[in-house]
Protein chains: 2
Amino acid sequence: MQHSATDISAILAKADIKPSVQRIAVLRYLLENRCHPTVDDIYRSLSVEMPSLSRTTVYNTLWLLAERGAILSLDIERGNTHFDYAECPHAHFRCNKCGAIYDIPLTHTCVGLSDARFHVDSINVYYTGTCKKCFNPNSKIKIQNNQH
Amino acid sequence: MQHSATDISAILAKADIKPSVQRIAVLRYLLENRCHPTVDDIYRSLSVEMPSLSRTTVYNTLWLLAERGAILSLDIERGNTHFDYAECPHAHFRCNKCGAIYDIPLTHTCVGLSDARFHVDSINVYYTGTCKKCFNPNSKIKIQNNQH
DNA sequence: TTACAAATTTGTAATCATTACAAAGTTTAA
DNA sequence: TTAAACTTTGTAATGATTACAAATTTGTAA
């Protein structure tokens with residue numbers, strides 16, 4: 001799916017973030033790559049067309065977007081934060097074998113929390129285990145990547 | 001609550017882990033400190049009585065226990081894994097202001113996943129936001145710690 | 001346009017949790 | 001007793017993330 005700079009600027013505006021070339025590029029990447037990329041995935045990919053891009057800018061932009069609720073940060077793999085443009089809330093499944101992260105509709109679950117002790121900002125649900133591709137006991141092939 | 005070495009050895013045995021002085025100490029710490037400590041919390045605390053203890057041993061023991069299902073590792077704070085001896089499954093709430101992590105009974109939620117695509121090993125549910133202590137808008141005091 | 005302040009980006013140098021690894025110590029079982 | 005297997009220890013990487021200051025870009029008022 002293509003996303004114009006105007007579309008993307010509108011999303012930024014809604015999050016009260018001024019559009020810059022770098023911020024548009026990062027958000028566009030997330031819109032067009034729904035594979036839950038890491039900072040490094042994003043940085044390396046954008047660097048090809050934008051060699052002056054700094055890793056720090058990617059970090060700054062991602063945390064800003066996440067803070068304003070425009071994207072989600074997923075702490076689903078130890079030591080590697082993944083990012084997700086999430087139109088509607090959903091859960092995730094991460095395969096321990098191949099590392100792939102799948103989206104799970106939240107209709108399967110009901111995870112509201114009404115507890116007077118807390119003012120809830122975010123709900124995070126994730127599962128880990130083995131995906132079907134990796135579960136076949138006859139298969140000896142183990143693939144390790146995040147793109148599926 | 002006190003826990004004898006025998007009690008703790010029984011938990012280790014159930015997880016098919018041989019008891020050693022170090023492993024018993026780490027597991028005992030988790031049993032007696034239900035505050036979701038980090039590796040460093042555990043290491044620093046145990047070091048007082050056990051000066052020869054190595055941080056690597058604490059890591060090895062915690063991952064071994066988590067791998068065998070005897071304890072939970074919580075990726076609830078970026079860059080700092082917390083650990084939890086969990087008798088029965090429950091969710092967590094982490095306050096963004098003070099860092100405290102609270103237990104939430106899972107009766108509030110229903111998070112089973114029956115999806116033919118996946119063989120589920122673990123279910124992780126956590127909330128973030130502001131806890132009641134920190135939510136008072138008149139309070140100017142911001143405390144940053146994990147022990148509550 | 002010019003000038004200046006504010007915001008943003010960049011690159012480098014820390015920081016810090018975690019892991020790798022090999023040497024030393026301990027346990028087990030024949 | 002002995003050797004293999006297991007465990008612990010300490011040190012040295014690794015690698016994601018952050019701090020920070022200089023450079024660049026943007027917005028705005030004259």
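The analysis underlying the following values was restricted to heavy atoms, covering all of them including side chains, and did not include hydrogens, waters or symmetry mates.
As the counterpart of D/dA30, C/dT1 is assigned, both hydrogen-bonding distances of the Watson-Crick or G-U wobble pattern falling under 3.5 Å.
Atom CD1 of A/I8 sits about 5.5 Å away from atom CG of A/L31, to the nearest 0.5 Å. For the atom pair CG (A/N33) and CG (A/D84), the distance works out to 11.5 Å, reported to the nearest 0.5 Å. Between the NE2 atom in B/H36 and the CG atom in B/N80 there is a gap of 14.0 Å [rounded to 0.5 Å].
Counting to the nearest Å, the P atom of C/dT19 and the CG atom of B/N60 are 9 Å from each other. A straight line from CG of A/L46 to P of C/dT10 spans 11 Å, rounded to a whole angstrom. To the nearest angstrom, P of D/dT17 lies 7 Å from CZ of A/F83. Rounded to an integer number of Å, the gap from CG of B/L12 to P of D/dC6 is 17 Å. One can place CD1 of B/I17 at 9 Å from P of D/dT7, the figure rounded to the nearest angstrom. Per the geometry, CD1 belonging to B/I24 stands 13 Å off P belonging to D/dT7, to the nearest Å. Across the protein-nucleic acid pair, A/N80 atom CG and C/dA17 atom P stand 17 Å apart, rounded to whole Å. In this structure, A/R55 atom CZ and C/dT15 atom P are separated by 20 Å, rounded to whole Å.
Sorted by first and then second residue, the side chain to side chain donor-acceptor pair (under 3.5 Å) pairs with a member in residues 44-53 of chain B read B/D40-B/R44; sequence neighbours excluded.
Nucleotides of DNA chain D nearest to B/R78 and B/Q22 differ in position, and the one nearer the 5' end is that of B/Q22. Comparing A/Y59 and B/T57 by the nucleotide of DNA chain D that holds the closest heavy atom to each, the one mapping nearer the 5' end is B/T57.
Comparing atom distances between the A/S20 side chain and each of C/dT9, D/dC6, D/dT8 picks out C/dT9 as nearest. Listed nucleotides: D/dT18, C/dT8, C/dT19. Nearest to the side chain of A/W63: D/dT18.
A donor-acceptor contact shorter than 3.5 Å is absent between the side chain of B/R94 and the backbone of B/E77.
Contact annotation: B/S52 does not reach the phosphate of D/dT8 (side-chain N/O to OP1 or OP2, under 4.0 Å). Within the structure, every side-chain polar atom (N or O) of B/T81 is placed at least 4.0 Å from both OP1 and OP2 of C/dA17. The phosphate of C/dT8 has OP1 or OP2 within less than 4.0 Å of a side-chain N or O from A/R23.
A/T56 comes within 4.0 angstrom of a base, heavy atoms only.
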